[in-house]
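Written out below as C-alpha cells is the structure these notes cover.
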Amino acid sequence: MKLQKLDDLPVTGTVTPAFTEPLLPRETPLAMPEQSLAPATTLDQMQPLPTPIRVDGVSERRLFLVLGSLLVGIAATQEMIRPFAADGFDPIDGLLTILFLSLYGWITFGFLSALAGFVVLLRNGPGLSRWFARMRLPRRRTAVLMPIYNEDTEAVFGRIAEMSASLTAIGAQDLFDIFVLSDSRADMEAAELAALHATRAASPVRVYYRRRLENVARKPGNIADWVRRFGGAYESMIVLDADSLMSGPAMALLASAMERRPSVGLIQTIPTIIKARTFFARWHQFAAAAYGPAASAGLQWWSGTEATFWGHNAIVRVRAFAQSCGLPRLSGREPFGGHVLSHDMVEAALLRRNGWSVHMVSLPEGSHEEFPPTVADHSVRDRRWCQGNLQHVRLLRTQGFHWINRLQLLMGASAYLTSPLWMLMLVLGIIASLGSSHPAFSAMPGGWLLVLTLTLLLGPKLIAMAWLYVDDGLREAMGGGRKLALTVAIELPLSMLMAPITMINQTAAIVDILRGRPVGWMPQRRDADGMSFRDALILCRLHVGFGLLLLAPLLFGLAIPLWTLPVVVGLIGAPLTAMLTSRADVGDWFASKGLFAVPQGPNPSRAPALAPASVMARLFVRRPIGPPVRP
C-alpha cells in the first residue's frame, strides 16, 4: 500500500489526526469509458444484445399485463366519458378521454402486477430465493461503497460499525472492504476523519475514506471516480446510500451469488424501512412491510432479466459496470440537460444493452434503509427524483435499450406526470360540468365502474392483506390479525388524504422544472420531530388554495362531480395532516397501542439486530472456498 494522494489530503486548515495507516489502498485503475445515449434511427439500433439467462414465460407475463391494462382502461373510459359526451363530444371531452385512459391504464397495471405477485407467493412462499440456496462465503473481495454528502457523521459511521461487526460474525472480515466516498463540504472533513479513525480502531473490516475536492456529477460521478481508481481490485461492489444498512449474511449471499452467475451484472435487493420515529415515517414503514411482499413479488415476476436499479442496496459486477455505465453529460441546459440525475434506471438499461442480466431479488433479512421523517422532507427528495425521472423522457429512444427498460423509464416519468394529469382532469371535469345542462351529466357512472375503480385502487392493499392472513409468521410479527385490521382501517383514509397532497407537490415540482429551475444538491434531513401549524400552513398554502378553488362552484350552488369531494377534503386538510404526521409522539402513541407495528419487534423504531443475533449467520461456511484476491 502507499500513502494517500495529494488530492485526498485535507485542505481545510484544520488539525488532521495522525494517520497510523493510509486512508486508501493501492490504486488499481479500471477504464470506464463514456457511453452513447444517442437516439436510435432504425429498428436494428433499437435492439440490445441478448442475455445468456432466459426466464421462461416472461414474454407471456408482460403481454398479460400490457394487454390487460389496455383492455380494462378502454372499457372503463367508455363508461366514464358517457355523461360528459351526452350533449356532444367536444375537444374537452376528447382530452378527458385521453387523460382518463392513461390514468386508468396505470392503476390497472399496478393491480394486475400485485395480483400476479400474490399468486407467486401462494405458489412459492416467502422463503429464501433460489439465488441463495448455497450459504457460502465468496472467494473474491467485494467493495462496500457508501457515498455521503454532509451527513450526520455519527450516524454514518455507526452504521459502518454495525456492518463491520456483522461481517466479522460470519468470518467474512477479510473478504469485504468498506469505502466511505465523501462529497461533503470541506468543513465536514475533520469530523469525518475523526469518526473514521474511531471506527477503524474497533473494526476488523478494512474501512477506507476519500473526500472529493470537486463534486462532479454527484453520486454517479462519485462512484465512477472510485471505479476508475480502485475498481480493478474487486469482483463486485455493493452500493449503499448514506442511510443504508446491510447485514453481513446479506452481503455474503449477494457476493457469492454474483460469483456463481458470471453473466449477471447487477442484483437489486428490496430494502425494508427501519428507524422510523415520526408518525409519517412509521406509517410508511408499516406500508412497506405490509404491502411490499405482494408488490415486490409481482415486480420480480415480470421484470425477468431486465429488472431495474434503485441506486442502493444492490450488488454490481465492477467490470460490467465499468464497461457499460460511464454516463455522458446530456446536451442542453438543466433541467433536461446536464448530468443524469436518476442515474440508476439508466445504468440498469445500459448493463442490459451490453448483454448483462439485471435481476431483482428478495432477501429474508439484512437489507434496510431509512425514510424521510416528514411530508416536507419527502417532498424535497421527491423533487430531486422528479427532475431525474423527467430527464428519462428524452432517453426513451436511446439505441439498444430493451423495450422493458424503456417501459420502466416511461413508468418512472409517469409516476410524476400522472399528478398534473390528474389535476388537469379534475379541472376539466368541473369545467365540463359547469358548461353542461344535459340531465345525463348529473347521472353517476355505472355501478360496475365504481366497483371496478375501488377494486383497482384498493386492490393492491387488499391483496397484500390477503397474503398477511396466509403468512402466519409475518401477521403475528405485525401485531396479529386484529391489530393489523385496525391499522389498515386507519392507514387507508390516511392514504386518501395524502394522495391529493402528493398531487400538488409533484405538479408544483414539474412546473418549476419546466420553468427552468433545476433542483439543487441539498443534504437529506433524516431526523425531525414536529412542525408548527403556522409552518404547516405555509408549506401547504398551494394545497389549501387549490382545494378552495375546487370547492368554489359548490359554494355558489353549482353542481360539481361528487368524486372531487375527497380530493377537496384532502387538500384543505393538508396543513393538519402535515403537522400531525411530523410528530414523533403521535407515532409513539400508535406504537404503544400495538398499531403500525413491523417485524422488527414491538418498537418499530428499533433498528434490527444484525449478524450477531442473526440466525442466518450460523448457516455460513466460516472460511472462503478459495484464496481471496487482494488489491
Side-chain angles (χ1 to χ4, degrees), residues 34-37 39 106 147-150 181 183 215-224 239-244 266 268 271 307-314 316 321 324-353 358 360 369 371-372 377-398 401 404-421 502-503 505-525:
E34 283 192 358
Q35 303 298 307
S36 170
L37 294 176
W106 284 123
I148 63 173
Y149 178 69
N150 300 327
L181 306 179
D183 266 334
N215 304 341
V216 178
R218 305 185 188 186
K219 182 178 176 179
N222 201 350
I223 300 293
V239 182
L240 304 176
D241 269 351
D243 63 352
S244 296
L266 185 149
Q268 173 67 62
T308 192
F309 179 31
W310 293 333
H312 60 92
N313 291 64
V316 188
F321 190 82
S324 309
C325 297
L327 294 176
R329 185 182 177 92
L330 299 177
S331 61
R333 298 175 58 185
E334 290 191 60
F336 295 104
H339 296 294
V340 178
L341 291 187
S342 293
H343 56 95
D344 35 24
M345 297 176 70
V346 179
E347 289 161 347
L350 288 168
L351 282 167
R352 181 60 189 82
R353 179 171 78 173
V358 178
M360 182 173 289
E369 65 174 335
F371 197 82
D377 295 294
H378 183 268
S379 178
V380 170
R381 188 182 73 171
D382 215 38
R383 169 69 173 78
R384 186 174 67 251
W385 289 357
C386 179
Q387 180 175 330
N389 285 21
L390 291 184
Q391 261 186 338
H392 292 166
V393 174
R394 69 176 292 183
L395 302 179
L396 293 176
R397 292 178 53 228
T398 299
F401 279 5
I404 284 295
N405 293 125
R406 298 180 201 276
L407 177 63
Q408 289 162 345
L409 292 173
L410 178 60
M411 290 173 67
S414 297
Y416 295 93
L417 291 173
T418 51
S419 287
L421 292 180
T502 302
M503 175 189 72
N505 288 344
Q506 293 181 347
T507 302
I510 290 175
V511 170
D512 271 353
I513 291 167
L514 294 178
R515 290 171 59 197
R517 297 175 59 184
V519 63
W521 194 14
M522 296 181 294
Q524 179 73 52
R525 188 173 66 160

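Below, all heavy atoms of this structure are taken into account, side chains as well, without hydrogens, waters or symmetry copies.
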Next on the checklist: Do Arg218 and His343 make a side-chain contact, defined as non-hydrogen atoms from C-beta onward lying under 4.5 Å apart?
Outcome noted: no
Item to check | side chain to side chain contact (heavy atoms under 4.5 Å, CB included) evaluation trace for Phe401 with Leu396 | outcome: CA-CA 8 Å; Phe401 279 5; Leu396 293 176; over 6 Å; no
Checklist entry - What residues, two or more places apart in sequence or in another chain, satisfy side chain to side chain donor-acceptor pair (under 3.5 Å) together with Asn389? => result Ser342
Checklist entry - Sequence neighbours excluded, which residues qualify as side-chain contact (heavy atoms from CB on, under 4.5 Å) partners of Pro328? => result Glu34, Leu37
Checklist entry - Residues in side chain to side chain donor-acceptor pair (under 3.5 Å) with Ser244, at least two apart? => result Asn313
Checklist entry - Side-chain contact, heavy-atom cut-off 4.5 Å: Phe336 with Ile513? => result yes
Checklist entry - How far apart are the closest heavy atoms of Asp241 and Gly311, and which atoms are they? => result OD1-O, 4.3 Å
Checklist entry - Quick one: side-chain contact (heavy atoms from CB on, under 4.5 Å) partners of Ala508, sequence neighbours excluded? => result Leu542
Checklist outcome for this item: Taking every heavy atom of Ala509 against every heavy atom of Arg383, the minimum-distance pair comes out as CB-CD, 3.4 Å
Checklist outcome for this item: Rounding to 0.5 Å, atoms CD (Glu334) and CD (Gln387) come to a distance of 5.5 Å
Item to check | Gap separating the CE atom of Met411 from the OG atom of Ser414, nearest 0.5 angstrom | outcome: 8.0 Å
Item to check | Trp310: partners by side-chain contact (heavy atoms from CB on, under 4.5 Å), with sequence neighbours left out | outcome: Gln268, Ile270, Pro271, Leu299, Thr308, His312, Met360
Checklist entry - Is the closest side-chain heavy-atom distance between Leu327 and Leu350 below 4.5 Å? => result yes
Item to check | Member of Asn505, Thr502, Asp382, Thr507 meeting the side-chain hydrogen bond (donor to acceptor under 3.5 Å, both in side chains) criterion with Tyr416 | outcome: Asp382
Next on the checklist: On a heavy-atom basis, which atom in Leu181 and which in Asn222 lie closest, and how many Å separate them?
Outcome noted: O-ND2, 3.0 Å
Checklist entry - Can you name the residues that form a side-chain contact (heavy atoms from CB on, under 4.5 Å) with Gln391, not counting sequence neighbours? => result Leu330, Val340, Leu341
Checklist entry - At their closest point, which heavy atom of Pro147 faces which heavy atom of Lys219, and how far apart are they? => result CG-CE, 3.9 Å
Checklist outcome for this item: The side chain to side chain donor-acceptor pair (under 3.5 Å) partners of Thr398 (sequence neighbours excluded) come to none
Next on the checklist: Arg394: which residues meet the side chain to side chain donor-acceptor pair (under 3.5 Å) condition with it, sequence neighbours left out?
Outcome noted: Ser331
Next on the checklist: Using only atom types and a distance under 3.5 Å, with no angle test, would you say the side chain of Asp377 pairs donor to acceptor with the backbone of Pro372?
Outcome noted: no
Checklist entry - Taking atom CG of Asp344 and atom CD1 of Ile223, what is their separation to the nearest 0.5 Å? => result 11.5 Å
Next on the checklist: What's the separation between atom CG in Leu421 and atom CH2 in Trp106, rounded to the nearest 0.5 Å?
Outcome noted: 11.5 Å
Checklist entry - Run the side chain to side chain contact (heavy atoms under 4.5 Å, CB included) check on Gln506 and Trp385 step by step: do they pass? => result CA-CA 10 Å; Gln506 293 181 347; Trp385 289 357; over 6 Å; no
Next on the checklist: Run the salt bridge (Lys or Arg N to Asp or Glu O under 4.0 Å) test against Arg515 and tell me which residues pass, sequence neighbours left out.
Outcome noted: Asp512
Next on the checklist: Let's go through Leu351 and Phe309 carefully: what are the C-alpha distance in whole Å and the side-chain angles of both, what is the deciding distance for side chain to side chain contact (heavy atoms under 4.5 Å, CB included) to 0.1 Å, and is it a yes or a no?
Outcome noted: CA-CA 10 Å; Leu351 282 167; Phe309 179 31; over 6 Å; no
